[in-house]
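Quick note: residue numbers are just sequence positions, from 1.
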Amino acid sequence: MRVTGGSGVRAAPTTAALLVALHSVAAGQAVRVGGEVRPRYEYRSPVAGSANGFASMRTRVELSSGLERRVSGFIQLQDVRFWGEESNTLTDFRADNFDLHQGYVELRSHETGGWRLRIGRQEVGFGEERLVGPVNWTQQGRSFDGLRAGRSGSFGAIDAFAFVLTESAAPGVPHESEFFGAYAQLERVAGGTVELYSLHTHVAGVGTNQATLGARYAAARGKTRYRIEGSYQLGDRDSATVRAFMAGARLGRMVADQVELTLWYDLLSGDPTPGDGRIGAFETLFATNHPFYGLADLFLDIPRHTGGLGLQDVAVKLSVTPHRDVRLTLDGHAFSTVRPGTLTSRRLGEELDLTARYRYSANVFVEGGASYVRDGPALRDLGRLTEDLQFLYVMLTAKW
């Protein structure tokens with residue numbers, strides 16, 4: 001949804017009128033009004049052969065209300081912008097950064113648990129968001145348009161969903177595409193949690209009808225936590241046959257009070273012979289890749305960012321909580337491609353990430369981090385880096 005106006009005094013009253021109208025509709029109901037302001041400064045070098053620093057900000061306002069018995073509504077509006085993006089705020093009245101991030105109606109069979117149906121635009125995150133997530137690190141985030149139905153209880157939860165990605169009836173959209181499937185999270189299975197999923201992507205006109213099937217198991221034993229998972233992709237992508245996989249494992253242990261050491265391994269398959277009508281490169285779909293493949297975000301779009309040659313990530317992670325309101329993490333990654341292709345080396349590079357998070361209060365957080373990437377021959381051959389990379393950020397989050 002866009003809010004626009006034809007003069008410098010129309011956009012703000014339009015927004016205010018919308019919020020007043022929403023409140024009026026919910027008059028007499030249990031209404032909750034919330035919001036978030038999240039400014040963030042980032043510095044990255046190199047960017048296009050030089051360094052760049054900028055500040056961005058996300059502003060959200062939300063309204064939720066119980067409409068009828070076991071029927072609720074939720075609306076979340078957001079504005080995302082760079083500081084200084086509007087060179088003259090007196091003359092820029094387009095509100096072109098203002099959008100509907102979420103807006104849905106939810107029906108439930110019980111106040112807690114039982115069946116539920118959510119209709120409209122909504123954020124979705126399954127499991128650790130390895131394949132489907134709202135990508136909260138980005139200021140804009142991700143949401144889907146469609147339906148999500150499920151049931152939760154002592155057994156866990158199971159969801160089925162159907163989302164429209166593109167619609168050819170909309171101006172400028174050349175074809176239609178959908179994303180649908182099911183995701184089950186089963187509790188207390190073999191002392192842990194088992195997740196099973198079947199995710200399907202269909203893009204008309206380009207020959208994509210791909211399925212991603214997988215399972216994940218996570219458990220804890222005393223001071224030890226572990227996770228194993230695997231996914232397999234089959235079908236067609238861009239009119240080529242797909243056979244690809246992802247496998248991962250994590251082993252974490254509390255080695256001292258408030259100190260956890262984690263060993264981490266991920267393998268995403270690559271294409272051994274590009275252009276032969278068969279694709280072997282695993283696609284991470286709609287994942288939240290930021291926390292998994294290095295905070296410098298060199299591998300957000302897989303397989304494109306690895307040249308379709310796959311990704312192997314061997315990592316060691318250290319987390320320290322010296323105070324209940326302070327958390328420090330240090331992550332080290334060694335990245336390489338799975339397939340050599342025409343590269344001079346499979347070594348992509350090594351990354352070191354240091355982050356600190358401080359909880360000022362229940363609703364205010366300060367977070368900062370620094371990353372250093374030592375580029376390898378594969379990153380240079382792929383045209384991703386020509387020298388070592390430095391990334392810094394500091395972010396304030398205030399919610400109410």
Side-chain angles (χ1 to χ4, degrees), residues 40-45 125 127-130 133 135-138 191-193 216-230 246-268 284 287-300 302 305-306 311-336 347-360 364-376 379 385 388-397:
R40 180 169 73 214
Y41 175 80
E42 299 179 44
Y43 172 86
R44 185 181 293 265
S45 176
E128 285 190 316
E129 304 178 15
R130 299 300 301 268
V135 198
N136 185 57
W137 164 256
T138 65
T193 300
R216 177 178 181 271
Y217 174 73
R221 298 288 189 276
K223 295 182 178 182
T224 302
R225 295 190 303 153
Y226 51 93
R227 176 260 301 165
I228 55 174
E229 60 188 299
M246 175 181 72
R250 178 187 69 195
L251 176 65
R253 182 172 177 81
M254 300 298 297
V255 296
D257 288 343
Q258 309 304 320
V259 179
E260 183 178 25
L261 180 66
T262 301
L263 304 179
W264 187 287
Y265 180 76
D266 280 323
L267 179 68
L268 287 71
T284 55
T288 301
N289 282 336
H290 173 74
F292 297 109
Y293 309 115
L295 302 186
D297 289 341
L298 287 174
F299 308 108
L300 287 182
I302 300 172
H305 284 169
T306 58
L311 178 66
Q312 180 176 253
D313 177 16
V314 180
V316 178
K317 305 189 176 190
L318 182 68
S319 173
V320 181
T321 308
H323 185 272
R324 64 179 183 180
D325 295 325
V326 178
R327 186 168 183 262
L328 307 174
T329 60
L330 180 64
D331 301 343
H333 297 265
F335 298 111
S336 61
R347 176 176 159 255
L348 289 163
E350 294 75 44
E351 179 172 337
L352 191 64
D353 302 318
L354 175 64
T355 61
R357 180 178 172 89
Y358 170 59
R359 182 178 65 177
Y360 176 78
V364 179
F365 301 85
V366 179
E367 181 179 331
S371 299
Y372 179 81
V373 180
R374 186 175 66 171
D375 73 317
L379 279 175
L385 284 180
D388 293 353
L389 181 145
Q390 297 88 42
F391 170 66
L392 305 169
Y393 79 94
V394 60
M395 179 170 68
L396 170 68
T397 302

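In this structure the side chain of Leu348 never reaches within 4.5 angstrom of the side chain of Leu298, judged on heavy atoms. Proximity of Leu251 to Thr224: side-chain heavy atoms (C-beta onward) are separated by under 4.5 Å at one or more points. Between Leu261 and Val316 there is a side-chain heavy-atom pair separated by less than 4.5 Å. Side-chain contact between His333 and Phe292: absent, with no pair of heavy atoms (C-beta onward) separated by less than 4.5 Å. Using a 4.5 Å heavy-atom threshold, the side chains of His290 and Glu129 count as separate. Using a 4.5 Å heavy-atom cutoff, the side chains of Leu328 and Thr355 are not in contact. Gln258 places none of its side-chain heavy atoms less than 4.5 Å from the side chain of Pro322. Between Tyr293 and His305 the shortest side-chain heavy-atom distance does not fall below 4.5 Å.
For the pair Glu351 (side chain) and Leu295 (backbone), a donor-acceptor distance under 3.5 Å is present. No donor-acceptor pair under 3.5 Å is formed between the side chain of Asp313 and the backbone N or O of Tyr265.
Between Thr321 and Val326 the shortest heavy-atom distance is CG2-O, 3.2 Å. Of all non-hydrogen atoms in Asp297 and Arg44, the two that sit nearest each other are CB-NH2, 4.5 Å. Between Ala370 and Leu392, the shortest heavy-atom distance links the atoms CB-CD2, 3.3 Å. Closest approach of Ala219 to Gly191, counting heavy atoms only: CB-O, 3.8 Å. Taking every heavy atom of both residues into account, Ala296 and Asp353 meet most closely at N-OD1, 4.3 Å. Minimum heavy-atom separation, Arg359 to Arg324: NH2-O, 4.0 Å.
A side-chain donor from one of Ser336 and Gln312 sits under 3.5 Å from a side-chain acceptor of the other. Side-chain polar atoms of Tyr372 and Glu350 form no donor-acceptor pair below 3.5 angstrom.
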Next item on the list: Given side-chain contact (heavy atoms from CB on, under 4.5 Å), test Val259 with Leu318 step by step and report yes or no.
Entry: CA-CA 7 Å; Val259 179; Leu318 182 68; 3.8 Å; yes

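Around the CZ atom of Arg40, the shell of radius 6.0 Å holds more than 12 heavy atoms that belong to other residues, nucleotides or ligands.
Taking CD from Glu42 and OH from Tyr393, the interatomic distance works out to 9.5 Å, rounded to the nearest 0.5 Å. Leu263 contributes atom CG, which lies 15.0 Å from atom OH of Tyr226 (distance to the nearest 0.5 angstrom). Put simply, OG1 on Thr329 and CG on Leu354 are 7.0 Å apart, with the number rounded to the nearest 0.5 Å.
No option in Asp266, Thr288, Asn289, Thr284 other than Asp266 meets the side chain to side chain donor-acceptor pair (under 3.5 Å) test with Arg130.
For Arg253, there are no salt bridge (charged side-chain N to carboxylate O under 4.0 Å, His left out) partners two or more places apart in sequence or in a different chain. With sequence neighbours left out, Arg357 forms a side chain to side chain contact (heavy atoms under 4.5 Å, CB included) with Phe365, Glu367.
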